[in-house]
**Q** 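Structure in structure tokens, see below.
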Number of protein chains: 4
Amino acid sequence: MARPKSDDKRNSILAACQAVIVRDGLSATTADIAKEAGIATGSLFTYFPTKADLLNELYVVLKSEMTAELAGALTGGDDKEKLRRAWNAWTGWAAANAGKHQALELLRTSDQLTDRSREFGEAAVRPVFDLISLNAAGKATGITPGFLFELINVVSIATMDNMASYPDRAVEYRDAGFEAMWRIIQ
Amino acid sequence: MARPKSDDKRNSILAACQAVIVRDGLSATTADIAKEAGIATGSLFTYFPTKADLLNELYVVLKSEMTAELAGALTGGDDKEKLRRAWNAWTGWAAANAGKHQALELLRTSDQLTDRSREFGEAAVRPVFDLISLNAAGKATGITPGFLFELINVVSIATMDNMASYPDRAVEYRDAGFEAMWRIIQ
Amino acid sequence: MARPKSDDKRNSILAACQAVIVRDGLSATTADIAKEAGIATGSLFTYFPTKADLLNELYVVLKSEMTAELAGALTGGDDKEKLRRAWNAWTGWAAANAGKHQALELLRTSDQLTDRSREFGEAAVRPVFDLISLNAAGKATGITPGFLFELINVVSIATMDNMASYPDRAVEYRDAGFEAMWRIIQ
Amino acid sequence: MARPKSDDKRNSILAACQAVIVRDGLSATTADIAKEAGIATGSLFTYFPTKADLLNELYVVLKSEMTAELAGALTGGDDKEKLRRAWNAWTGWAAANAGKHQALELLRTSDQLTDRSREFGEAAVRPVFDLISLNAAGKATGITPGFLFELINVVSIATMDNMASYPDRAVEYRDAGFEAMWRIIQ
DNA sequence: AATGAATGAGAATTCATTCAT
DNA sequence: CATGAATGAATTCTCATTCAT
């Protein structure tokens, strides 16, 4: 296999895609993405057969990277501690990777995202979902777990947005966001 | 803003635009919008010089319509009552105008939206913002009013989304959402 | 209706298409065809939604034009006279419209041609087919009418090719071709 | 024509090319041809510097194979017998090698075929041409040998097409085609 | 004004050919 | 030599905007 399809190149295309859509929006051009990745326009398509495929893959990869942060966070301590660590890990990632977080937000609302990708995103996040459901059980009246999670989700996103926008006050926002979330599920 | 010939036609274009972007996403075509409005493709441009102008105007109009609901809600009773009425009015509008609410969400994340439009949207919402700031004062530690409002905002959006998605449980979601919000600002 | 879609322009696109595919083959570019027609690249597509549509339409139009020549030829006189007149009309058209005839040949073998177009071409030619079947009845042993017609068809095409290639001997080729055909059906 | 490394591989590329253009038309991809041949895309170009070269070579090879059938047919017996044997050999080959015959037809009308290849094709067929000229001499009035041969050629092609399409009646078509041809040259 | 055809600058994707491994 | 990824010019088609009628 001469010149094997390199993971490096694949990753650099994904990184370029992320950077360019943050800069130019989802209407960013495959040509621009390729240029940013330092490859020829045609080469992009040997790695991703379609622009939609690239966008979906980027979503999945970023979502995976984001949730990888949770790995260690959910073990040890009581539930509030677990949630606190999860929250910190999660929002910390977003603050440290503002561009990736923004790209994720753009992709989430894109009409190019397939159901498959959306489902993947939900599955990646399920452990936290379960932990929250557990803690909220019997507390919030009339609230379904799905809705509860949706609330938590948007609160976390808003928190990360703010952390990314005002890095020097990031920790404050992080903690305030956690308090808000905790109040919701209590 | 000089009034063009026919406000009726202008409004029907805005309505068509709203319907079409909900159906087809923000990549909807000016030709499709014109067809939905029952006019010729060229005519659209005598009312809106640019597609971006149309989208921004739609945002402003929908935001205005949405906040008009608040008019009566903010007078009389204690603050919680005021907020409750505002909340009900607001989410009620979104539930009853699911398409408009969705369009607003699509536009909010669009890279076509100008700062001007974004500022307008914020201004329209300021009375509620102030009310919330007032109530939260001194409570939530370290939380800025802007961030607080951002949190409330996304909670309300998530609530409206759910209300629109499950109309028969709309009231439950509305109330649960309010409780969540109220806990945040306490 | 401002600036109605003009038949003139439609026809000039068809004419340009014919000229260009004779010059460059079926791989001729829509851009080249548009340029030859004196219109913008995009305009071609307001008349023909697809390159394949254009090619098929050209085939149908040329085939119609070709068979229109037969209109008067098939009435009066005995069958041999009818056939003689049909033959002369037909080959005469091809000789006088060499480019159109060549285009027709290119299109006939194209993999872009739909079954619909092919059927149209056969239908247009049926009157002659019937006349030939009638005359050949009981003569050629074991030969089916379909095969017979196919033979006549290729003989006529070869005749037209030669007439077009050597215009000053066109009449000779025409008559020799007719004799060949007549011998086949006797 | 210097022999490249492996004749086997060269032949398998030609065979693959023939199969693929019958399946997909002349717009078949060099990548597809290579895949069908079981080699890498790049390897194709060590055997044929250009796609056009490959197509022309295929034409020449198939034409050679086809005319090789005539070798023994043209000796012994009177002219009609010779022609009959030639006809049977020829059409028999096409019927037994439908794909090759089709490929030859596609290539004949291709704009990729060079004059050189076309000339080769004519030369390969000259012995039959001469035999026909001899027999037709003085008979068909005003008909040139070239035109005569052209007529015979298309009649043979139509015959082979039909034989390939309806294999169980192949012999009937073969004989009927011969009779048609014989009548033309008488 | 209204109409809708005309415009032409892109956009995504393809593919013959090259070249690093 | 073989491999198959890399290249980038070329292709079809789209669409916001203009403009003749």
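All chains are named by letter (A, B, ...) in the order of the sequence lines, taking the proteins before the strands, and each is independently numbered beginning at 1.
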**Q** In whole angstrom, what separates B/Ile13's CD1 from E/dA2's P?
**A** 9 Å
**Q** Please figure out whether D/Ala40 or A/Leu44 has its closest DNA chain F nucleotide nearer the 5' end.
**A**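 Mapping each residue to its closest nucleotide by heavy atoms, the 5'-most match is D/Ala40.
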**Q** Between protein and nucleic acid, restricted to nucleotides 13-15 of chain E and to nitrogen or oxygen atoms under 3.5 Å apart, what atom pairs and distances do you find?
**A**
unit_1	atom_1	unit_2	atom_2	d
E/dT13	OP2	A/Lys51	N	2.9

**Q** Nearest 0.5 Å, please: how far is CG in A/Leu107 from CG in A/Asn56?
**A**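 The CG atom of A/Asn56 sits 8.0 Å away from the CG atom of A/Leu107.
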**Q** Categorize A/Tyr47 for me: base, sugar-phosphate, or nothing, with a 4.0 angstrom heavy-atom threshold over every strand shown.
**A**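 Counting heavy atoms under 4.0 Å across all strands, the contact made by A/Tyr47 is with sugar-phosphate only.
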**Q** Please give, in whole Å, the distance from E/dA16 C1' to D/Ile39 CD1?
**A** 14 Å
**Q** Mind checking if C/Ala28 touches a base, just sugar-phosphate, or nothing, with heavy atoms under 4.0 Å?
**A** sugar-phosphate
**Q** Would you kindly give the CZ-to-C1' distance between C/Phe48 and E/dA5, to the nearest whole Å?
**A**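 Atom-to-atom, C/Phe48 to E/dA5, this comes out as 15 Å.
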**Q** Could you tell me the separation between the CG atom of D/Leu54 and the OH atom of D/Tyr59, rounded to the nearest 0.5 Å?
**A** 15.5 Å
**Q** Given side chain to side chain contact (heavy atoms under 4.5 Å, CB included), test B/Arg23 with B/Val20 step by step and report yes or no.
**A** CA-CA 5 Å; B/Arg23 199 182 61 209; B/Val20 172; 4.0 Å; yes
**Q** Between A/Glu105 and A/Arg108, is there a salt bridge with N-O shorter than 4.0 Å?
**A**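 So A/Arg108 pairs with A/Glu105 through a salt bridge.
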**Q** Mind checking if A/Lys35 touches a base, just sugar-phosphate, or nothing, with heavy atoms under 4.0 Å?
**A**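 Contact class for A/Lys35: none.
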**Q** Let me know the distance between CG of D/Leu26 and P of E/dA16, rounded to the nearest Å.
**A**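 Distance, rounded to whole Å: 12 Å.
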**Q** Rounded to whole Å, how long is the line connecting atom CD1 of B/Ile33 with atom C1' of F/dT17?
**A** 14 Å
**Q** Enter the distance from A/Glu122:CD to A/Asp115:CG here, rounded to the nearest 0.5 Å.
**A** 9.5 Å
**Q** Distance check, rounded to the nearest 0.5 Å: A/Leu106 atom CG versus A/Gln18 atom CD?
**A** 10.0 Å
**Q** Send over the distance from C/Gln112 CD to F/dT12 P, rounded to a whole Å.
**A**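 In whole Å, F/dT12 P and C/Gln112 CD are 9 Å from each other.
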**Q** Please identify which of these residues, D/Leu44, D/Leu58, D/Thr30, meets the side chain to side chain contact (heavy atoms under 4.5 Å, CB included) condition with D/Ile13.
**A**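 Looking at D/Leu44, D/Leu58, D/Thr30, the match for D/Ile13 under the side chain to side chain contact (heavy atoms under 4.5 Å, CB included) is D/Leu44.
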**Q** Distance from D/Ile33 atom CD1 to D/Ile39 atom CD1, nearest 0.5 Å?
**A** 9.5 Å
**Q** CG of A/Asp24 versus P of E/dA11: gap in Å, rounded?
**A** 10 Å
**Q** Atom CG of B/Leu54 to atom P of F/dA16: distance rounded to whole Å?
**A** 11 Å
**Q** Please report the interatomic distance CZ(A/Phe120) to OG1(A/Thr114), rounded to the nearest 0.5 Å.
**A**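 Those atoms lie 11.5 Å apart.
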**Q** For DNA chain F, produce a single dot-bracket line, 5' to 3'. Pairs: Watson-Crick or G-U wobble, both distances under 3.5 Å. Symbols: ( ) within strand, [ ] crossing, | other strand, . unpaired.
**A** .||||||||||||||||||||
